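See structure below.
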There are 2 protein chains.
Amino acid sequence: MNIGEASAASGVSAKMIRYYEQIGLIGPASRTMSGYRVYSGNDVHTLRFVRRARDLGFSVAQMTELLTLWRDRGRASSDVKRIAEGHVAALERKMMELQQMADTLKHLASNCHGDGRPDCPIIGELAGEDCGKHVTPGPHAHLGKGFEVLR
Amino acid sequence: MNIGEASAASGVSAKMIRYYEQIGLIGPASRTMSGYRVYSGNDVHTLRFVRRARDLGFSVAQMTELLTLWRDRGRASSDVKRIAEGHVAALERKMMELQQMADTLKHLASNCHGDGRPDCPIIGELAGEDCGKHVTPGPHAHLGKGFEVLR
DNA sequence: CTTGACCTTCCCATCTTTGGAAACCCTAGA
DNA sequence: TCTAGGGTTTCCAAAGATGGGAAGGTCAAG
């Protein structure tokens, strides 16, 4: 099976398969005499594992850990659970961050006429116009570097 | 006011101020004879605008639009509202995506012993083991390229 | 004048994914 | 057998926003 077939069978693009090999997430594929990569059913299994983990938002680093645990017959499920729960926490942190942005914007937009007139609380807020009630008190600016999640 | 002071006054790092100038989000700053960038109170006002928009998750492209509208005294608030609501929609799409990942993972984790034993539904799901009830039916893989939101 | 803090530009790294170019390989049809 | 097309290889670059650092110039205080 060459890389195109492996890609179709796993749902991982050929580009990404090469990339994953390059960065060491997956081992180097064996080659034909002419240099074409060759994949086995087992390789496709691994690629599917990677795609599912990717779909769940795991980073390459986390996938490396997960792949190692997957291959380790003597693994402790607590190790897997720890990674998963850490990721869930990161997802929830990110969601809260987005929620806060969305809430602020929705509030501002709800007070915006949205017609031909130029007055707009959204622009006003961004410009820092103190017009009485403030929507963003501020404390969500330095939310830290919780960017482990999401591309 | 030099770039360090403008940075402190606006909350935008000096690095980012230079970057925003380079990509054309903000106009080139005037310079002293020795080449130091010089900022006015007005410039700081603009930088604050940019920081607030950034904190709300707007992309550079969107900030460009917003800055243009801000400067346009004859703007229609509907234009601003449209951008804001589009961004809210993107935020909500992204949140739903994350929620789906988190839900799947939480479900899997709740069924994981999390002890020293190797059995683990999380690894099982990633490996594609069909063990009766499936948690991820699948239809959230090709969620599209909704990556306009978030860094 | 020296020192330390600041500024300048330039390059690199992050992280995942996509795109392209140039060259090579394989297979089917003429 | 030759050729056309599609698949494959590698390498380079881009994207988004931000951080880090090096090498060298500048400024203000002592």
Side-chain angles (χ1 to χ4, degrees), chain A residues 1-26 28-39 47 50-51 53-64 87 90 94 97 101 141-151, chain B residues 1-26 28-39 47 50-64 87 90-91 94 97 101 141-151:
Chain A
M1 198 184 323
N2 61 25
I3 200 172
E5 299 170 293
S7 169
S10 67
V12 181
S13 74
K15 282 272 192 196
M16 290 312 296
I17 295 177
R18 294 193 197 96
Y19 171 71
Y20 289 147
E21 176 181 325
Q22 186 201 324
I23 64 174
L25 174 63
I26 60 180
S30 53
R31 305 278 186 137
T32 64
M33 273 172 299
S34 57
Y36 278 28
R37 287 177 179 80
V38 176
Y39 296 89
L47 287 171
V50 167
R51 181 182 56 70
R54 203 73 206 78
D55 287 346
L56 286 172
F58 286 106
S59 68
V60 167
Q62 288 170 316
M63 287 195 289
T64 303
H87 184 44
K94 182 55 79 182
E97 204 179 324
M101 295 177 185
H142 282 276
L143 271 184
K145 330 211 157 180
F147 293 146
E148 312 81 21
V149 146
L150 280 206
R151 354 202 169 181
Chain B
M1 197 185 323
N2 60 26
I3 200 172
E5 298 170 293
S7 167
S10 66
V12 181
S13 74
K15 280 274 191 195
M16 288 314 295
I17 295 177
R18 294 193 197 97
Y19 171 70
Y20 289 147
E21 176 180 326
Q22 187 201 322
I23 64 174
L25 174 62
I26 60 181
S30 53
R31 304 279 186 135
T32 65
M33 271 172 301
S34 57
Y36 279 28
R37 286 177 179 80
V38 176
Y39 296 89
L47 287 171
V50 167
R51 182 182 57 70
R52 292 204 184 87
R54 202 74 206 76
D55 287 345
L56 285 173
F58 285 106
S59 69
V60 168
Q62 289 170 316
M63 288 194 288
T64 302
H87 184 42
L91 288 166
K94 181 55 81 181
E97 202 179 325
M101 294 178 186
H142 281 275
L143 272 184
K145 328 213 159 178
F147 293 147
E148 312 80 20
V149 145
L150 278 207
R151 354 203 166 180

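Note that the coordinates shown come from a computational prediction; the quantities given were computed from them, not determined experimentally. The chains referred to below are lettered A, B, ... by the order of the sequence lines, with proteins before strands, and numbering in each begins at 1.
Between A/Y20 and the phosphate of C/dT17, there is a side-chain N or O to OP1/OP2 separation shorter than 4.0 Å. Look at A/N2 and you'll find a side-chain N or O under 4.0 angstrom from OP1 or OP2 of D/dT8. Contact between the side-chain N/O atoms of A/S13 and the OP1/OP2 oxygens of C/dT18 is found at a separation under 4.0 Å. Contact annotation: B/Y19 does not reach the phosphate of D/dG16 (side-chain N/O to OP1 or OP2, under 4.0 Å).
Distance, B/R54 CZ to D/dG19 P: 11 Å, rounded to whole Å. A/I17 has its CD1 atom 13 Å from the C1' atom of D/dT8, to the nearest Å. Distance CD (A/Q22) to P (C/dC15): 14 Å, rounded to an integer number of Å. A/E5 places its CD atom 11 Å from the P atom of C/dT27, with the value rounded to the nearest Å. One can place CD of B/E21 at 17 Å from C1' of D/dA17, the figure rounded to the nearest angstrom. The distance from atom CD1 of A/I23 to atom P of C/dT14 is 11 Å, rounded to the nearest whole Å. At whole-Å resolution of the value, CZ in A/F58 and C1' in C/dT17 are 20 Å apart. Straight-line distance from the CZ atom of B/R51 to the P atom of D/dA17: 17 Å, rounded to whole Å.
Residue B/H87 comes nearest to B/L56 through the heavy atom pair NE2-O, 2.9 Å, listed as atom of the first residue, atom of the second, then distance. Closest heavy-atom contact between B/V60 and B/Y20: CG2-CE2, 4.3 Å. Nearest heavy atoms, A/V12 versus A/S7: O-OG, 2.7 Å. Scanning both residues, A/I3 and A/R18, for their nearest heavy atoms gives CD1-CG, 3.6 Å. What you find for B/G57 and B/Q62 is that their closest heavy atoms are O-OE1, 4.4 Å.
For B/R37, the salt bridge (Lys or Arg N to Asp or Glu O under 4.0 Å) partners two or more places apart in sequence, or in a different chain, are B/E21.
If you check D/dT10, C/dT16, D/dT18 against the side chain of B/M16, the one that comes closest is D/dT18. Nearest nucleotide to the side chain of B/R18, out of D/dT18, C/dC7, D/dT8: C/dC7. The nucleotide whose nearest atom lies closest to any side-chain atom of A/I3 is, among C/dT17, D/dA17, D/dT9, D/dT9. Taking the side chain of B/R37 as heavy atoms from C-beta on, and the options D/dA17, D/dT9, C/dT8, the nearest nucleotide is C/dT8.
Between B/K15 and B/V60, the residue anchored nearer the 5' end of DNA chain D, judged by the nucleotide with its closest heavy atom, is B/V60.
Here the straight-line distance linking atom CE of B/M101 with atom CZ of A/R54 works out to 8.0 Å at 0.5 Å rounding. To the nearest 0.5 Å, the span separating CZ on B/F58 from OG1 on B/T64 amounts to 12.5 Å. Here the straight-line distance linking atom CG of B/L25 with atom CG of B/L47 works out to 9.0 Å at 0.5 Å rounding.
Rounded to 10°, the angle separating the first-five-pair axis and the last-five-pair axis of the helix from C/dC1-D/dG30 to C/dA30-D/dT1 equals 30°.
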Between B/I17 and B/I26, does the side chain to side chain contact (heavy atoms under 4.5 Å, CB included) criterion hold? Intermediate values first, please.
CA-CA 8 Å; B/I17 295 177; B/I26 60 181; 4.2 Å; yes

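Within residues 29-36 of chain A, the residues that have a heavy atom under 4.0 Å from DNA chain C are, in order of number, A/S34, A/Y36.
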